[in-house]
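Below you'll find the structure, written out as C-alpha cells, and then a few comments.
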There are 2 protein chains.
Amino acid sequence: MTATPNDGSQPGLAPSGRKIIYDENGKPCRSCNTLLDFQLLTGKVTTPKVQKVADTTSKPDTYAQVDPPDVELLGRSSWTLLHSIAAKYPKKPNEKQKSEMSQFMTIFSHVYPCWWCAKDFELFIRANAPKVNSRDELGKWVCEAHNDVNRKLGKPIFDCNLWENRWINGWD
Amino acid sequence: MTATPNDGSQPGLAPSGRKIIYDENGKPCRSCNTLLDFQLLTGKVTTPKVQKVADTTSKPDTYAQVDPPDVELLGRSSWTLLHSIAAKYPKKPNEKQKSEMSQFMTIFSHVYPCWWCAKDFELFIRANAPKVNSRDELGKWVCEAHNDVNRKLGKPIFDCNLWENRWINGWD
C-alpha cells in the first residue's frame, strides 16, 4: 500500500516525481500511480507544471485527530477495495489463486467490522458462492454482491455489464 | 456492507430513520451506524431535525460514471478497512479466529490491486508475521504496517499507543 517517491529528476519518474509503476502489459498501472500522474502519463490531461512530492518539509509531522469511520465511509472504502481486487484478478487464475480468492471473500464476511453488514454478506455468499474462475466472473460476482446491498438500501442498481468501465478502464 | 433503513416512526430507530445497530456490549455500534446517527444516539451532538432516509424518490436511479480509484484512494480505503477490522477483532480470539485473521492478511498481500504495494506488504508480513493473539496486538500490528509505508512515503508516523482513539473510541 505504498508507492516509492523519488526526486523527479530521473527517467522513469512520473510528473509528480514519483516512480512510474507499470502493469504486466507495460502500461502505467492505474491503481499503482496517483490519478494525476496516470492521467498525464496516458495523455488524458496535459499540464506543464505539476507539484513534486519529494519536498516533505511542508507536511505536518503529526496526524490529525480523525475519528473512526462510520458505516458509510467503511462501506465505500470496502467496496472500493473489493471491486479493485476483482479488477486485478487474473483472467486465467491458477488453482491456488482461485482457492485464495474464495477464502478471502469468506473470511471477509467473518471479519467485516459492521457485524450486521457482515452477516448479510455471509448470507449472500452462502446463497451465491464466490465465482473465481476468471476476472470477468469475479468482477460480476462482486458487482452482484454490491447490488444486493444497493437493493436493500434503495440505492441505484449498477449495470454489471459495465463493471470494467467503473473499475478497470474508466469511461472515456 | 449494508444497514437496514426503516420508516423512522418506530422504537429502535435512529434519528435518520435507519434501524439502530448495537454492539455486543449494548451500545450503538459506530461502524454499523451513520456518523450523525451515532453522534446523536451517544449525545455527542444534538439537533432537533434530521432528514429521514426513507424517502428515496429524490435519489438518482443510475450511477454516476466514476473512474477507477488511483493508488491514493485505494490506499486510504484499504487502511480504513484494515484498521477497522482490527478494531472489531475479539479481545480474546479463538483458534479459528486467529487462523482466519492470519490467512486474511496473507491473502490480502497476494491480491492487493497495486502489485507494487502488495509486494511491499508481503515483505512486511514475512519479516513481521501478523500478531493475532488479541485485539490490541492486531491493532498495533496493523498500525506498525501502516507506519512502515508512512516511513517510505515521508508521511507522519502515527503513535501506535493511540490506535484505539483513531480506530475505536474517537478523541473526545
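Residue numbers start from 1 in every chain, and the chains themselves are labelled A, B, ... in the order their sequence lines are given, proteins ahead of strands. All of these numbers come straight from a predicted model, not from anything done at the bench. Below, all heavy atoms of this structure are taken into account, side chains as well, without hydrogens, waters or symmetry copies.
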Minimum-distance pair of heavy atoms, taken over all atoms of Asp70(B) and Asn33(A): CB-O, 3.4 Å
Cluster check Tyr89(A), Leu82(A): I/L/V/M/F/W/Y, side chain < 4.5 angstrom: yes
Shared hydrophobic cluster, Leu40(B) / Tyr22(B) (ILVMFWY, side-chain heavy atoms < 4.5 Å): no
Side chain / backbone / both / neither for Phe158(B) at chain A, heavy atoms under 4.5 Å: both
Parallel, tilted or perpendicular, as decided by the 30° and 60° cut-offs, for the rings of Phe104(B) and Phe104(A): parallel
Heavy-atom pairs under 4.5 Å with chain B, option from Thr34(A), Val66(A), Ile85(A) with the top count: Val66(A)
Ile168(A), part contacting chain B, at a heavy-atom distance under 4.5 Å: backbone
Single-linkage hydrophobic cluster Leu36(A)~Phe38(A), side-chain heavy atoms < 4.5 angstrom: no
Side-chain heavy-atom pair Ile21(A), Trp115(B) within 4.5 angstrom cut-off: yes
Neighbour count >12 (heavy atoms, 6.0 Å) for atom NZ, Lys131(A): no
Residue among Lys119(B), His146(B), Met101(B), His110(B) with most heavy-atom pairs under 4.5 Å to chain A: His110(B)
Asn169(A) vs Pro68(B) side-chain heavy atoms within contact, under 4.5 Å: no
Non-hydrogen side-chain atoms of Phe108(B) and Ile107(A) separated by less than 4.5 Å: no
Which of Cys29(A), Gly170(A), Pro69(A) touches chain B most, by non-hydrogen pairs under 4.5 Å: Pro69(A)
For chain A, the option from His83(B), Glu72(B), Gln97(B), Arg76(B) that forms the most heavy-atom pairs under 4.5 Å: Glu72(B)
Side-chain (Arg166(B)) to main-chain (Gln65(A)) donor-acceptor, under 3.5 angstrom: no
Shared hydrophobic cluster for Trp79(B) and Ile125(B) (ILVMFWY, side-chain gaps under 4.5 Å): yes
N/O donor-acceptor pair under 3.5 Å between Ser84(A) side chain and Pro113(B) backbone: no
Closest non-hydrogen atom pair between Cys114(A) and Ser31(B), with its separation: CB-O, 3.1 Å
Transitive ILVMFWY side-chain link Leu153(A) to Phe124(A), under 4.5 Å: yes
Contact class of Asn165(B) relative to chain A, heavy atoms under 4.5 angstrom: backbone
Residue part contacting chain A, namely of Leu162(B), when any heavy atom lies under 4.5 Å: neither
Check: Asp67(A) side chain, Trp171(B) main-chain N or O, donor-acceptor pair, under 3.5 Å: yes
